[in-house]
Amino acid sequence: MAKWGQGDPRWIVEEREDGTNVNNWHWTERDATSWSKGRLRELLVGITVENEAGRCEISELKQVEGEASCSSRKGKLIFFYEWNIKLGWKGIIRESGAKHKGLIEIPSLSEENEVDDTEVNVSKKKGDGDILKDLMKTAGTAKVREALGDYLKALKTEFTMGMILPTKAMAAQELTVERKLSENTLQASSRVALGVRIPTVALHMTELFDTAIEQLYRIFTVKDLVQKFSKSPAVLEAEKGGKFQMFDGNITGEYTELLTNKKIVMKWRCRNWPEEHYATVALNFVPTLQQTELQLDCKGVPVCEEENMKFCWQKQHFEEIKGLLQLTTLNG
């Protein structure tokens with residue numbers, strides 16, 4: 001009989017109160033279907049392409065059928081996904097102003113094929129406008145494949161957060177790395193339920209917008225405008241202590257400071273971050289010549305989420321807001 005603390009480490013449970021999935025040995029599975037549908041909508045709807053002949057935009061997600069899941073066994077992650085996707089697109093020919101609509105069909109996005117090999121079919125309703133169809137077949141298809149690649153990256157990073165539980169060896173390694181990282185780039189760490197400290201990093205990003213400072217500020221504080229650029233329902237209480245929820249609940253937080261047309265500070269977290277862990281996001285609105293510069297400073301982002309955080313703000317905030325401003329200008 002093995003002595004206490006000895007024997008096969010797969011069955012050593014005394015260091016966890018619940019003894020759950022010690023050393024990540026047991027099979028666990030997480031359903032990614034609902035999360036995937038929301039993320040695919042965020043990434044695909046709103047894609048725009050244009051050239052000297054015209055401009056096209058993916059305007060709606062007509063159908064997304066299938067499923068996705070992630071399993072963990074012996075510390076390894078196994079992914080399964082299979083999707084049949086139909087998208088609606090619309091476009092306008094610059095010279096004539098004629099408008100046209102069509103479909104994009106992705107009959108089989110699955111782990112069996114690389115994204116670059118995934119079939120993407122573009123069609124258009126009867127009539128003229130083949131020049132727009134050609135634009136969607138070339139530049140549009142490339143952007144769709146890029147978005148599908150971003151979805152798979154998020155599935156394998158953001159969605160799987162917490163599936164591989166820290167072992168004693170991993171915890172010791174993380175703490176060693178944490179001590180070596182510069183205090184200037186690492187911020188105060190929070191703790192997950194296991195008591196393992198989470199290394200965090202600070203981000204700084206800037207972006208120029210072709211709009212007045214008052215309009216850009218409103219886009220971050222008016223519910224209808226937030227829902228337009230995020231293309232999803234939102235809950236918004238733009239006042240100190242007010243809560244917010246965006247992207248189908250994937251982003252939540254609280255406003256801690258609001259200086260009208262100057263600054264917004266928020267407690268900010270992604271659904272898949274460690275429980276109760278928030279970053280601090282500060283948005284500074286700086287007027288420039290006929291533009292507004294947005295300065296983003298973010299502290300407390302988990303190191304493993306740094307790239308996802310950059311993607312979230314660059315692709316899902318900055319680029320979508322620019323698209324909204326462009327549409328507003330065209331409609332005006």
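Values reported hereafter were calculated over all heavy atoms of this structure, with side chains retained and with hydrogens, waters and symmetry mates removed.
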Checking side chain to side chain contact (heavy atoms under 4.5 Å, CB included) for the pair L325/D210: CA distance, chi angles, key distance, verdict?
CA-CA 8 Å; L325 290 171; D210 294 325; over 6 Å; no

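- Here the CD-CD distance, from E82 to E112, works out to 7.0 Å after rounding to the nearest 0.5 Å.
- Transitive grouping of hydrophobic side chains (ILVMFWY, heavy atoms separated by less than 4.5 Å) keeps L103 and V45 in distinct clusters.
- Nearest heavy-atom pair, I264 versus F220, reported as atom, atom and distance to 0.1 Å: CD1-CB, 3.8 Å.
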Before giving the answer on side chain to side chain contact (heavy atoms under 4.5 Å, CB included), spell out for W89 and V122 the whole-Å C-alpha distance, their side-chain angles and the decisive distance to 0.1 Å.
CA-CA 9 Å; W89 66 268; V122 179; 3.9 Å; yes

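- Of all non-hydrogen atoms in T221 and A238, the two that sit nearest each other are O-CB, 3.4 Å.
- With contacts defined as side-chain heavy-atom distances shorter than 4.5 Å, the pair E119/L109 does not qualify.
- Taking both residues in full, the closest heavy atoms of F285 and I213 are given as O-CD1, 3.3 Å, listed atom of the first, atom of the second, then distance.
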Let me see the working for V201 and K299 under side chain to side chain contact (heavy atoms under 4.5 Å, CB included), right down to the final yes or no.
CA-CA 6 Å; V201 66; K299 300 177 181 179; over 6 Å; no

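- In this structure, K315 pairs ionically with E146, as a charged nitrogen and a carboxylate oxygen lie closer than 4.0 Å.
- Electrostatic pairing of E254 and K243 counts as a salt bridge here, judged by a charged N lying under 4.0 Å from a carboxylate O.
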Could you please spell out the steps behind the salt bridge (Lys or Arg N to Asp or Glu O under 4.0 Å) verdict for K62 and E105?
CA-CA 10 Å; K62 288 182 171 290; E105 297 182 75; over 6 Å; no

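- Side-chain contact between E320 and K228: absent, with no pair of heavy atoms (C-beta onward) separated by less than 4.5 Å.
- There is no path of hydrophobic side-chain contacts, each under 4.5 Å, that joins L283 to V265.
- Classified by interplanar angle (parallel below 30°, tilted 30° to 60°, perpendicular above 60°), the ring pair F229/F247 is perpendicular.
- Taking each heavy atom of L135 and E50 in turn, the nearest pair found is CD2-CA, 4.0 Å.
- In this structure a side-chain-to-backbone donor-acceptor pair under 3.5 Å is missing from R41 to E60.
- Contact between K37 and V64 at its shortest, heavy atoms only, is CE-O, 3.7 Å.
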Take V144 and I106 through the side chain to side chain contact (heavy atoms under 4.5 Å, CB included) test and state the conclusion after the steps.
CA-CA 10 Å; V144 166; I106 306 166; 3.8 Å; yes

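- By the 6.0 Å and 45° rule, K156 stacks over the aromatic ring of F79.
- Looking only at atom types and distance, the side chain of E293 has no donor-acceptor partner in the side chain of Q291 under 3.5 Å away.
- Remark: K240 fails to qualify as a cation-pi partner of Y255 under the 6.0 Å distance and 45° angle criteria applied to the six-membered ring.
- Taking OG1 from T200 and CD from E305, the interatomic distance works out to 12.5 Å, rounded to the nearest 0.5 Å.
- In this structure, I104 and I85 have side chains that are not in contact, with every pair of non-hydrogen atoms separated by 4.5 Å or more.
- For the atom pair CH2 of W273 and CE of M309, the computed distance is 4.5 Å after rounding to the nearest 0.5 Å.
- Scanning both residues, L258 and E239, for their nearest heavy atoms gives CD1-C, 3.4 Å.
- Heavy atoms of other residues, nucleotides or ligands lying less than 6.0 angstrom from CD1 of I131 number 12 at most.
- Cluster membership check: L324 shares its hydrophobic cluster with L216, using side-chain heavy-atom separations under 4.5 Å among Ile, Leu, Val, Met, Phe, Trp and Tyr.
- In this structure, S123 OG and M136 CE are separated by 10.5 Å, a value rounded to the nearest 0.5 Å.
- In this structure a side-chain-to-backbone donor-acceptor pair under 3.5 Å is present from H317 to C312.
- Side-chain contact between W83 and T33: present, with at least one pair of heavy atoms (C-beta onward) separated by less than 4.5 Å.
- Taking the six-membered ring where tryptophan is involved, the planes of F209 and F318 are perpendicular, since the angle between them exceeds 60° and thus also 30°.
- For K137, the NZ atom sits in a loose shell: 12 or fewer heavy atoms of surrounding residues, nucleotides or ligands are nearer than 6.0 Å.
- The hydrophobic clustering, which links ILVMFWY residues whose side-chain heavy atoms are closer than 4.5 Å, places L61 and V49 together.
- Although no hydrogens or angles enter the test, the distance criterion places a donor-acceptor pair under 3.5 Å between the side chain of T118 and the main chain of E114.
- Here CG of D31 is found 7.0 Å from OG of S69. Values are rounded to the nearest 0.5 Å.
- Between Q63 and N84 there is a side-chain heavy-atom pair separated by less than 4.5 Å.
- Between K322 and E207 a salt bridge is recorded (basic side-chain N to carboxylate O distance below 4.0 Å).
- Residues Y81 and S110 have side chains that never bring a donor and an acceptor to within less than 3.5 angstrom of each other.
- A salt bridge links E307 to K310: one of the charged nitrogens lies within less than 4.0 Å of a carboxylate oxygen.
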Is there a salt bridge (Lys or Arg N to Asp or Glu O under 4.0 Å) between R39 and E42 once you walk through the steps?
CA-CA 5 Å; R39 181 49 59 92; E42 293 170 17; 3.1 Å; yes

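- R269 forms a cation-pi arrangement with Y278, by the criterion of a distance under 6.0 Å to the ring centre and an angle within 45° of the ring axis.
- The closest donor-acceptor contact from the side chain of D224 to the backbone of Q227 lies at 3.5 Å or more, if one exists at all.
- Residues H277 and P302 have side chains in contact (heavy-atom distance under 4.5 Å, counting atoms from C-beta outward).
- Shown are L132, I92, I93; of these, the side chain to side chain contact (heavy atoms under 4.5 Å, CB included) with K99 is made only by I92.
- One finds the OG1 atom of T138 at 11.5 Å from the NZ atom of K143 (value rounded to the nearest 0.5 Å).
- There is a path of hydrophobic side-chain contacts, each under 4.5 Å, that joins M205 to M246.
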For the pair E57 and K90, evaluate salt bridge (Lys or Arg N to Asp or Glu O under 4.0 Å) and give the outcome as yes or no after the intermediate values.
CA-CA 6 Å; E57 176 185 358; K90 60 183 180 181; 5.0 Å; no

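- Taking 4.5 Å as the limit, every side-chain heavy atom of E214 sits out of range of all side-chain heavy atoms of R218.
- Ring pair W313/W268 is tilted by interplanar angle, where 30° to 60° counts as tilted.
- With 3.5 Å as the limit, one finds a donor-acceptor pair spanning the side chains of Q326 and R55.
- Put simply, the side chain of E306 reaches to within 4.5 Å of the side chain of L203, judged on heavy atoms.
- Within 6.0 Å of atom CD in E95, 12 or fewer heavy atoms from other residues, nucleotides or ligands are found, so the atom counts as exposed in its surroundings.
- A donor-acceptor contact closer than 3.5 angstrom is absent between the side chains of D297 and Q295.
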